[in-house]
Student: 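Here it is: the structure, laid out below.
All figures in this text were calculated on a predicted structure; none of them were measured in a lab. Protein chains get the first letters and strands the later ones, always in sequence-line order, with residue 1 at the start of each.
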Amino acid sequence: MSLRTHTCGELRASHIDQPATLAGWVENRRDHGGVFFIDIRDRYGVTQVVFNPGTDAHKRASEVGPEYCIHVAGMVRRRPDGTVNKERGTGEIEVVAQSLEILNASKTPPFEIVDRIDTAPELRMKYRYLDLRRRPMQRALVARAEFCRALRNHLASQQFVEVETPMLTKATPEGARDYLVPSRVHAGHFYALPQSPQIFKQILMIAGMDRYFQVARCLRDEDLRADRQPEFTQIDLEMSFVEPEDVWAQVEGSISAGFAAAFGVDLQPPFPRIAYKEAMLKYGIDKPDLRFGMQFVDLTDYSKSCNFKVFREAADSAGLVGGGIVRGVNAKGAGGWSRKEIDALSTFAQEHGGKGVAWLRVVESGLDGSIAKFFSDGEKVTIREMLAGQPGDLLLFGAGDETTVNGVMGPLRHHLGDKLGLRKFGTFKCAWIRDFPMFERNTKTGAIEPTNHPFTSPTESDLNRLTEKLQNDPLSLGGRGYDLVMNGWELGSGSIRIHRRDMQERIFEFLGLKREEYEAKFGFLLEALEYGAPPHGGFAYGVDRTIALGLGLDSLRDAVAFPKTSAAADPMTGAPSPVSDEQLRDVHIRTIE
RNA sequence: GGGCGCGUAGCUCAAUUGGUUAGAGCACCGGACUGUCGAUCCGGAGGUUACGGGUUCGAUCCCCGCCGCGCUCGCCA
């Protein structure tokens, strides 16, 4: 027989005068000398239990402490007038204890099990079982499970097949660093844990599975960030015989089902589709927060003939390689910011690779501020009109090469949105960013690299000019890749893939891979493409990040049951740890130093 | 690998220019109290100031090293 008849969140006025037994943890106890209250907690809620003096249960109740695991039997009773707790679902009733059993005592916990805590993350991770007893953490785990369950149901209804791909797979030297697993059977050989199931899902399409998805664990041995864990989960899907719109519709349907189930939020698909170039022009970033407008105004053409030398010189080189642009943005209502606040924006710009930010305040008499003196009266009127400036607005400008200006202005727009209270939790704005270029230049090394990954197909309209573009102007080559963004976060990315061997080889070779190299790494995929591989494409996005967004969590760690510290360690288990010499011998490993 | 910050009671933090016995809130322990719900009131205990070294009459404070944590740059196709 079960140790309980009800959960701690279940009892209502309708249960009055019924017997009930509850099991859970001691949330709180209040000893009045005579009457004694214990709040008993489980996953479902909290119920007040009353112990009257003179009873055996009352005697036992004085022995329990916080987080004791207890079992209580008694009668449900309406609370006396004036003692109803309206903040609690069970607040109309209480259980009058007839017996209390201590199922297990508890040491005094290292931190209090309360909703709001500011305990160091390391301590919370060391005692994760206590941290996970907290309501917000349990809510997050439940929401995550609900999200995935709704998503599975939706995708199943759309004929998707859930397939598990290997955890022990083949190392790929490019991309992120692999987690390696030594092989016992093959001395000196190693498996790699998957960075993503990318190639396997393409193989599944070649196998004719047509629609695949997986809640996939991915692992990358790179240094951590607040929004990055070494192991994480992606919703990974792939479809055959599709255009991007087909993929987007399935992602929209499934993520919306997940959001509705987990967070009670309607994402209102279909999401806007925004070309990469348009996003860069209007927002300076490929993951714009669309909860607010504040679109950029392109002043490049206008600046070619203006008096302000900084703008004019940037505009004069427009269109050339590495050429300049001039962009303005109206931070509506920020005109009242202090000089100190405005100067802080320049510091922000410097942190993002710029020299600073030019600004003008809109006042009744016109424009006022650091660069006002460089413009004629007529120019001031025009600039104000172009940016729709009203008194009380702050106009901000970036001029210089495109990469630098966007590198500053894109994040600056989000920063302004934060400061102006335009990015508050509660609304969710998604968009597809489409038509990414095939390649981009690595600003550090100067090398040309794939924007997404080397399996992305070039845009169809560029196919007949592929050779010419690869030779002369590879950065102008369009790709069939796309990202899903929400509230200024990149949730995930995908593409229509290359499905022909000759095309895949040309891309590898363009990227500087020699035949022996790509044969060794991807020969099996290239060969598979020769057996009637269908056109296919797909998408993958981060579950941890999605849950954190949906719940408004400060840290990705709170969306993960058992996360790792910034040094990729687990304070609870002590992983990673040394292993015995025997274990090392088995896998033919000798450590150095 | 680099930069910045933090490390003091179980937890979160304080401690004047380097100066007497390192404090507070919460938690914990004891006592009082018959309707609380962050109960209240009274009392108590609790410290290798992360660790190792140095400077100094004297170090929580200054210096060097080291470990851990957090943020970040590199990195993350």
Student: Given B:C76, B:C69, B:C71, identify the nucleotide with an atom nearest to the side chain of A:E122.
Tutor: B:C69
Student: Among B:C69, B:C26, B:C29, which nucleotide sits nearest the side chain of A:E112?
Tutor: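 Closest nucleotide among those given: B:C26.
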Student: So does A:R500 have more than 12 non-hydrogen atoms from other groups sitting under 6.0 Å from CZ?
Tutor: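 Open: at most 12 neighbouring heavy atoms sit under 6.0 Å from CZ of A:R500.
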Student: Could you tell me the separation between the CZ atom of A:R77 and the P atom of B:U36, rounded to a whole number of Å?
Tutor: 14 Å
Student: For A:I448 and B:A77, what is the distance between atoms CD1 and P respectively, to the nearest whole Å?
Tutor: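 It is 19 Å, rounded to the nearest whole Å.
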Student: For A:I113 and B:C11, what is the distance between atoms CD1 and P respectively, to the nearest whole Å?
Tutor: 13 Å
Student: Does the structure show A:F37 stacking with B:U36, if we require the centres to be closer than 5.5 Å and the planes to be within less than 30 degrees of parallel?
Tutor: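 Aromatic stack with B:U36 present for A:F37.
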Student: Classify the side chain of A:R228 and the base of B:C76 as holding, or not holding, a donor-acceptor pair under 3.5 Å.
Tutor: yes
Student: Taking the six-membered ring for Trp, is the centroid-to-centroid distance between A:F522 and A:F508 below 6.0 Å?
Tutor: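 Close enough - the centres of the two rings lie under 6.0 Å apart.
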Student: Starting from P on B:C11, measure out to NZ on A:K126 and report it in whole angstrom.
Tutor: 10 Å
Student: Please compare A:P571 and A:D39 by the position of their nearest nucleotide in RNA chain B and report the one closer to 5'.
Tutor: A:D39
Student: Between atom CG in A:L130 and atom C1' in B:G10, what is the gap in whole Å?
Tutor: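 That distance rounds to 12 Å.
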Student: From the options B:C37, B:U34, B:C76, select the nucleotide whose nearest atom is closest to the side chain of A:V35.
Tutor: B:U34
Student: Provide, to the nearest angstrom, the distance between the CG atom belonging to A:D221 and the P atom belonging to B:C76.
Tutor: 12 Å
Student: Hey, does A:D118 reach any base, or is it just sugar-phosphate, or nothing, if we go heavy atoms under 4.0 Å?
Tutor: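 Result for A:D118 = sugar-phosphate.
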Student: In whole Å, what is the span from the CD atom of A:E490 to the P atom of B:C76?
Tutor: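 In whole Å, B:C76 P and A:E490 CD are 14 Å from each other.
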Student: Does A:N85 contact B:C37 through a side-chain donor or acceptor facing the base, at a distance under 3.5 Å?
Tutor: yes
Student: Sort out the partner of B:C71 for me: Watson-Crick or G-U wobble, both distances under 3.5 Å, none otherwise.
Tutor: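 Result: B:G3.
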Student: Would you indicate which nucleotide in B:G74, B:A27, B:G70 comes nearest to any side-chain atom of A:T108?
Tutor: B:A27
Student: From B:C37, B:G74, B:C69, pick the nucleotide closest to the side chain of A:R225?
Tutor: B:G74
Student: State plainly whether the residues A:D42 and A:R4 are in salt-bridge range, i.e. N to O under 4.0 Å.
Tutor: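 Salt bridge: yes.
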Student: B:C37 base to A:R29 side chain: any donor-acceptor pair below 3.5 Å?
Tutor: no
Student: B:U36 base to A:R79 side chain: any donor-acceptor pair below 3.5 Å?
Tutor: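 Such a pair exists between side chain and base.
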Student: Please answer whether the main-chain N or O of A:R177 pairs with a side-chain N or O of A:E222 as donor and acceptor at a distance below 3.5 Å.
Tutor: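 Yes, the answer is positive, given that a donor and an acceptor are paired below the 3.5 Å cut-off.
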Student: Using a 4.0 Å heavy-atom cut-off across all strands, classify A:T83 as base, sugar-phosphate, or nothing.
Tutor: base
Student: Does A:R88 contact B:G38 through a side-chain donor or acceptor facing the base, at a distance under 3.5 Å?
Tutor: no
Student: So what does A:E440 touch, heavy atoms closer than 4.0 Å: a base, only the sugar-phosphate, or nothing?
Tutor: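 Touches nothing.
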Student: Could you state the atom-to-atom distance from CD of A:E449 to P of B:C76 in whole Å?
Tutor: 8 Å
Student: Select base, sugar-phosphate, or nothing to describe what A:P53 touches, counting heavy atoms under 4.0 Å on all strands.
Tutor: base
